[in-house]
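As a basis for the values below, the full set of heavy atoms in this structure was taken, side chains included, without hydrogen atoms, waters or symmetry mates. One-based numbering, in listed order, for ligands and for the atoms of each.
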Amino acid sequence: MTIYSGPVFEMAADQLTVVADHLNIPMDERDRLLMPKRSITVSCPIRRDDGTIAVFEGYRVQHHLTMGPTKGGTRFSPSVDIGEVAALAIWMTLKCALVGLPYGGAKGGVRVDLTKISRRELEALSRRYMQEMIPFVGPHIDVMAPDMGTDEQVMAWFMDTYSMYRGQTVTEIVTGKPVASGGTVGRREATGRGVAHLAKRVMSQLAIDASNATAVIQGFGNVGSYAAQELHRFGLKVIAVSDHTGALHDSRGLDIPALMRHAGTRGSIAGFSKEMEFDPSQILTLPCDVLVPAAIERVIDAEAAENLTCRILAEGANGPTTPEADLVLQNRKPEIFVLPDILCNSGGVVVSYFEWVQDLQQLFWEEEEVMRREYQLLDRAFERMLARAKAEKISNRIAAMAIAVEKGRTAMNLRGLFP
Ligand code: GLU
């Protein structure tokens, strides 16, 4: 029995079993690698605009504390539950280990429908959530960041709430803050830029010419929009994008800068163009060179995997591909080059790490330096993953996860069991 139930947690557990089998990890060690160290559930009461009180459930899961503080985003969404948050925390652990950050993984969430609360209520909820988390977080304990449904403003409220409690400004308590409040240049774009940078590397490896290539993006939030912008800048035609309101398609290539401006002011892609409207359920199977799922978990199941027509699958979202789909991808022809989520979207937490380092040192870098160092860490992890996949004849995902699990396991075993 465990409190972590549900399809997303089971998916993360299944992935770890595949990797543990590959690494021959003894059975009695596996639970220690899988089970989160701490989970916190809080209720967040706020006063609504009409004077009534509403209570929202919030979570934070800290997966393991072996490598240093825990790190990970906070998600505001109506479907969040503790199992999903735990799975996302496990993936954060793997992501941080793979690229070499001194963190364990964490994730948080509040179950809330953002379309049903006002901006003032959002501020009250953000502050109350952070206030409830104060006993469990700290710059050297657990450092939050944005995820689905949260942004720079929410991070500024988190930072302010923690700072008011401490009686001094503690910028290093969260990352993904506005640059004006101790954030770093290049964090907002970091995840999408990383996705596009790695996709470009794979394109040159497969001899795909960017100026003749096409991309399709599912999700136009922080990750999808900046991935689209960067791929567009590299010369690819972004022929389709979707978000929670619908999808747009234009075989001549969408005007991504205009769409970014539109989504920036309107909050979604809705209303951009009537004649480009497209069935969002068809987006993943549209023929293209680079497919970027940048929305939610488990969108590519076994059936979708059979029907994919892309050449490169660049996973911007966390957990977009199920283990059943992985089996299909490992055997299908023509082959699809998979950039697994824990590598492909790790640019976000990499630059979060740079933000934390800069805040601790009170020494800020130029954007050029942020980007150079981001790509350096991504390239290094990419090369290690490829070498491992080739040497052991395994998928990129198993290779990436194996590198990450080995790192955490070695550190855990060297420290030993206390007491
Ligand atoms: N939420 C992001 C992720 O899933 C970023 C986490 C962070 O920057 O700490 O990777």
- Query: Which protein heavy atom lies closest to atom 8 (O) of ligand 1, and at what distance to 0.1 Å?
  - Reply: S352 OG, 2.5 Å

- Query: Nearest protein heavy atom to atom 7 (C) of ligand 1, by residue and atom, and its distance?
  - Reply: A145 CB, 3.3 Å

- Query: Could R233 and E230 be called an ion pair, given the rule that one side-chain N must be under 4.0 Å from one carboxylate O?
  - Reply: yes

- Per-atom contacts of ligand 1 with M92, taking only distances under 4.0 Å to non-hydrogen atoms: 3 (C), 4 (O), 6 (C), 10 (O)

- Query: Among protein heavy atoms, which lies nearest atom 9 (O) of ligand 1, and at what distance?
  - Reply: K71 NZ, 2.8 Å

- Within reach of ligand 1, part of R187 (heavy-atom separation under 4.0 Å): side chain

- Query: Of the non-hydrogen atoms in A302 and T322, which two are nearest, and what is the gap between them?
  - Reply: N-OG1, 4.2 Å

- Message: Which residue in the set I90, V80, V61, D147 passes side-chain contact (heavy atoms from CB on, under 4.5 Å) when paired with K107?
- Response: D147

- Set of residues satisfying side chain to side chain donor-acceptor pair (under 3.5 Å) with respect to R388, sequence neighbours excluded: E392, E406

- In ligand 1, which numbered atoms sit nearer than 4.0 Å to a non-hydrogen atom of K107? 1 (N), 3 (C), 4 (O)

- Check each heavy atom of P146 against ligand 1 and say whether those closer than 4.0 Å belong to the side chain, the backbone, both or neither. backbone

- Query: Will you find, in the side chains of E84 and S79, an N or O donor that is under 3.5 Å from an N or O acceptor?
  - Reply: no

- Message: Test of understanding: given a 4.0 Å heavy-atom threshold, classify the contact between K95 and ligand 1 as side chain, backbone, both, or neither.
- Response: side chain

- Note on the structure: Here the atoms of ligand 1 under 4.0 Å from any heavy atom belonging to G72 are 9 (O)

- Which segment of V351 sits under 4.0 Å of ligand 1 when only heavy atoms are counted: neither

- Item | Side-chain ion pair, R38 and D142, N-O less than 4.0 Å | no

- Message: Regarding N345 and N318, do their side chains bring together a donor and an acceptor under 3.5 Å, going by distance alone?
- Response: yes

